[in-house]
Amino acid sequence: MSGGGCSVRAIWILTPHDAVAFSRRFAVVEKRWRASWEAEGGGGSEGDGRGAGAPTPPQLPDDHEVAAAFTDRRRREGTARGSGIRTSLSSVGSDSWVDDPITRQVISLHINKEESDDFMIWPVVLQKRGGYYVLVLPLVDPQSFRAYENLLKRSDCGSSAKENGNLSSILLNLPCITGAFMVAHVIGDIITGDIAEPEVIVSSGPSVGGLLDSLTGSIGISARSKPIVAPVAAPTASVSSPVGAAQSDSLKGGVRPFDKDLLRNFIIGAMPFGTPQDLNYTNVTSIRTTGFSGDPLPTDQKQPAWKPYLYKGRQRILFSSLETINAALYDRDDVPDFLSVSGQVTCRAELEGLPDVSLPLTGLKTAHVEVSSFHHCVQASDPTDNKQTLVFQPPLGNFVLMHYQAPCNIAPPVKGFYQLSMVSENEGAFLFKLTLMEGYKSPFIMEFCMITMPFPRRRVASYEGNPSIGTVSMTEHSIEWRIVSSGRGLSGRSIEATFPGTVKFLPRTTQRTNSSFRLVTSTAYTEDSDSEQDNVKNGASLDDYIMEKINKDLQAVDLEEPLSWQAYNYAKVSFKITGGTLSGLTIDPKSVNIYPSVKAPAEYTMQASSGDYILWNTLGKCPTAALPRDL
């Protein structure tokens, strides 16, 4: 990952209370900014104290000035991100005045100076990760800066995307914006700890093949798969550093602390002097711990940026197809079912030197791949005769070779119906009748399967009923039916599972209306990420706010469906299947070629799991809109 065409002037990380938790400025880039400003005669407009008569550009603001400007923008725009839409309350000079939703992610900050004139910094790329706000200020030319200043004063709004001089046309000419987003994204990954490499699955035991595999697979005995990760040394924070004190402050703000030394070391290695060179966390960490490769390369080969040092050791190449299936099953004639597969092929190439790898993708016609994208090291041929050839020089460690989307080309792994009706205000009767793995033969193995009935607006007191297979447990707001347990896989056969029963709820308590919880803002929209913090500040408990957010915009219904409120009228299915793909897109490991030729076995594993896999209540209303997310 490279941030080509991008240089960064400064980075700030703010807490939910708008205090600066981390900052970094790059003097070399700032010197370039000042030189370009002076060469253009100033970056501001005439008459504002920063035009041709002001050859000296303003200094980068201090941390407390950035925090104050961010707080002021939150107040002016309604939330930290704002709406990006001009309203009657928008003021001239604000981002919402530009009337473009991109101003929710590319913002401006107005710095108030006590001893000098006020000024603006733009473009500031904003991302929220782990409760923190990551701000990245890239280097832009003064002409683009002046163009945005003019937009802040225009009387018209809603200009066409094709019109010259609007925000979209300005940003399209600034590749540094893309680079700044990449920097903000990887910093967010480090803050949240989401820096693990893509998963590559390997079989924990060798396959014997033939009749023995078929017999053992049919009774659920097979070699289990396990993920493999790259051995990367994790740097530890210095005990003597002042990070601990800052992290304690962060804990008071209700966010998870992050390792500032780790982030600081990454910035030093990934973007020296403010110019991103390699934003791959694994590469930067590996270079820091092992250094660059000292082995000489052949004169006719050039070492790519994504492979800073060469591998030494036992050679092999691993591929994994990891698919996620999203489904909405209604079991009704008037509403069609929805099934979609999103997948990725991950790879780990433990190969010495700089070899080229060639492999064919098969099953393209069967899979009906709708969208596909490839790693930047891949050269993909045009699909022909149900195949497509990929040629690449693999980087180090685990990486995603390709992403794709396709329909599910075989029967749903779990199908059937779910019914729920109320017999009284505090008691409901339900029925499941399901079929698992119908039409799936060995080597497909269902390793686990669980059904969850969520009741977010009621507290479960008890349940009655005995399923035909599996075990049942309950939580405060759900009932969980584990049909297939881990370690007892289902392969080579299908099963039918039924579960009739009743569920009882605790009596309702006096509930506050939604209006007592809702945050009154100056705009007609509400942003979850910002509203949550504001509700906590206003004294409402976090549990109350979560319940308010769940209930918001869900219409109440009659007694026949008092649990549903439309969006929760369902049961959620969770499962994992190994041994095949649901899309039909596969790799033949025997057809993998490596040049120069080496003795390196190729292994291939396949795994599918559930994403938003929903069984809608056939007795209730079945919304056909987007599937629920983050449940």
Exercise for the section: Please indicate whether Arg129 has more than 12 foreign heavy atoms, meaning atoms of other residues, nucleotides or ligands, lying under 6.0 Å from its CZ. Expected result: yes

Handout entry: Side chains of Glu427 and Val503 in contact at under 4.5 Å (non-hydrogen atoms)
Key = no

Exercise for the section: Would you check if the distance from the ring center of Tyr613 to the ring center of Phe575 is below 6.0 Å? Expected result: yes

Exercise for the section: Determine which pairs satisfy salt bridge (charged side-chain N to carboxylate O under 4.0 Å, His left out) with at least one residue from residues 401-410, sequence neighbours left out, and list them in order. Expected result: none

Exercise for the section: Check whether any side-chain heavy atom of Phe392 lies under 4.5 Å from a side-chain heavy atom of Leu359, and answer yes or no. Expected result: yes

Problem - Asp331: partners by salt bridge (Lys or Arg N to Asp or Glu O under 4.0 Å), with sequence neighbours left out - result: none

Problem - Residues in ring-ring contact (aromatic ring centres under 6.0 Å, His included) contact with Tyr604, at least two apart in sequence or another chain - result: none

Please output the side-chain donor-acceptor pairs of residues 432-440 that fall under 3.5 Å, not counting sequence neighbours, one pair per line with the distance.
| unit_1 | atom_1 | unit_2 | atom_2 | d |
| --- | --- | --- | --- | --- |
| Glu438 | OE1 | Lys415 | NZ | 3.0 |
| Tyr440 | OH | Ala411 | O | 2.4 |

Problem - Student check: side-chain heavy atoms of Trp616 and Leu329 closer than 4.5 Å - result: no

Problem - Minimum side-chain heavy-atom gap Met606-Thr578 below 4.5 Å - result: no

Practice task
Please list, chain by chain and in numerical order, all residues satisfying salt bridge (Lys or Arg N to Asp or Glu O under 4.0 Å) with Asp333, sequence neighbours excluded.
Solution key: none

Practice task
Look at the aromatic rings of His375 and Phe399 and report parallel, tilted or perpendicular, splitting at 30° and 60°.
Solution key: perpendicular

Practice task
Show your working on ring-ring contact (aromatic ring centres under 6.0 Å, His included) between Phe258 and Tyr132 and close with a plain yes or no.
Solution key: CA-CA 10 Å; Phe258 62 92; Tyr132 293 95; 5.1 Å; yes

Problem - Flag, side chain of Asn617 to backbone of Asn569, donor-acceptor distance under 3.5 Å - result: no

Handout entry: Donor-acceptor pair, side chain of His477 and main chain of Arg458, under 3.5 angstrom
Key = yes

Handout entry: Under 3.5 Å: donor-acceptor pair, side chain of Asn326, backbone of Ser340
Key = no

Practice task
Taking Ser320 for its side chain and Ile201 for its backbone only, find out whether a donor-acceptor pair lies under 3.5 Å.
Solution key: yes

Problem - Phe444 backbone acceptor or donor facing Ser491 side chain under 3.5 Å - result: yes

Exercise for the section: Look at the side chain of Thr452 and the backbone N and O of Pro454, then say whether any donor-acceptor pair between them is shorter than 3.5 Å. Expected result: no

Practice task
Give a yes or no on whether the backbone of Thr346 and the side-chain of Asn398 come within a donor-acceptor separation of less than 3.5 Å.
Solution key: no

Problem - Polar side-chain atom of Glu480 near backbone of Met453 as donor-acceptor pair, under 3.5 Å - result: no

Handout entry: Pair Tyr418 and Phe430, ring centroids less than 6.0 Å apart
Key = no

Problem - Contact check, side chains of Met402 and Leu361, non-hydrogen atoms, under 4.5 Å - result: yes

Problem - Any residue meeting side chain to side chain donor-acceptor pair (under 3.5 Å) with Thr581, in chain and number order, not counting sequence neighbours - result: none

Handout entry: Any Glu350 side-chain heavy atom under 4.5 Å of Gln315 side chain
Key = no

Handout entry: 4.5 Å side-chain heavy-atom contact, Leu615 and Tyr570
Key = no

Practice task
Applying salt bridge (Lys or Arg N to Asp or Glu O under 4.0 Å), run through Asp588 and Lys590 and close with a yes or a no.
Solution key: CA-CA 5 Å; Asp588 182 6; Lys590 297 180 180 179; over 6 Å; no

Problem - Side-chain heavy atoms of Leu582 within contact of Leu339, under 4.5 Å - result: no

Exercise for the section: Without swapping roles, check the side chain of Ser609 against the backbone of Thr324 for a donor-acceptor pair under 3.5 Å. Expected result: no

Completion exercise
On a heavy-atom basis, the closest approach of Thr192 and Gly130 is CG2-N, 3.6 Å

